[in-house]
Amino acid sequence: RLLPPARRSCNLIFLDAPYNQSLTAPALQALLKGGWCAPNAWIIAETARGEELPLPPELEVVDERTYGAARFSFLRLTLPLPQTEN
């Protein structure tokens with residue numbers, strides 16, 4: 001779980017959900033909906049090497065690196081987010 005909606009948005013976010021539990025995609029959605037991402041924000045998401053990572057349309061994969069059992073996906077916020085009330 002994430003904290004309540006963000007007081008300020010972030011330009012760089014590191015995300016490391018437990019492997020193979022399908023938690024990364026919902027965490028990404030929560031970051032986007034909670035106002036955690038600044039325009040053009042970067043998210044570095046660590047997942048298991050073979051784990052699927054469905055992305056919301058607002059994010060694109062810029063690069064991926066695999067180290068042992070881990071995969072690091074470098075994601076960029078490319079579409080504007082709808083305005084939310086905090």
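Hydrogens, waters and symmetry mates are skipped; everything else that's a heavy atom, side chains included, is used.
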Exercise for the section: First locate atom CG of Leu32, then atom CD1 of Ile43, and finally report the distance between them rounded to the nearest 0.5 Å. Expected result: 6.0 Å
Completion exercise
Nearest heavy-atom approach of Ser22 to Glu51 is N-OE2, 4.0 Å
Handout entry: Side chain Thr78, main chain Glu58, donor-acceptor under 3.5 Å
Key = yes
Exercise for the section: Provide the closest heavy-atom pair for Leu55 versus Leu59 in the form atom of the first, atom of the second, distance. Expected result: CD1-O, 4.2 Å
Practice task
Measure the spacing between CG of Asn20 and CD of Glu52 and express it to the nearest 0.5 Å.
Solution key: 11.0 Å
Completion exercise
What one should report as the nearest heavy-atom pair of Ala48 and Arg71 is O-CB, 4.1 Å
Exercise for the section: Measure the shortest side-chain to side-chain distance between Arg65 and Phe74 over non-hydrogen atoms and say whether it is less than 4.5 angstrom. Expected result: yes
Exercise for the section: Mind listing the closest non-hydrogen atom pair of Ala30 and Trp36 along with its distance? Expected result: O-CD1, 4.1 Å
Completion exercise
Here the gap from Leu23 atom CG to Thr47 atom OG1, rounded to the nearest 0.5 Å, amounts to 12.0 Å
Exercise for the section: Check whether Tyr19 and Ile44 end up in the same hydrophobic cluster, where Ile, Leu, Val, Met, Phe, Trp and Tyr are linked by side-chain heavy atoms less than 4.5 Å apart. Expected result: no
Completion exercise
Closest heavy-atom pair, Cys37 versus Ser9, reported as atoms and distance to 0.1 Å, is C-CB, 3.6 Å
Exercise for the section: With the side chain counted from C-beta on, respond yes when Val61 and Leu75 share a heavy-atom pair under 4.5 Å apart, and no when they do not. Expected result: yes
Problem - Side chain Arg49, main chain Gly68, donor-acceptor under 3.5 Å - result: yes
Fill in the blank from the handout: Pro39 and Asn11 have their tightest heavy-atom pair at O-OD1, 4.4 Å
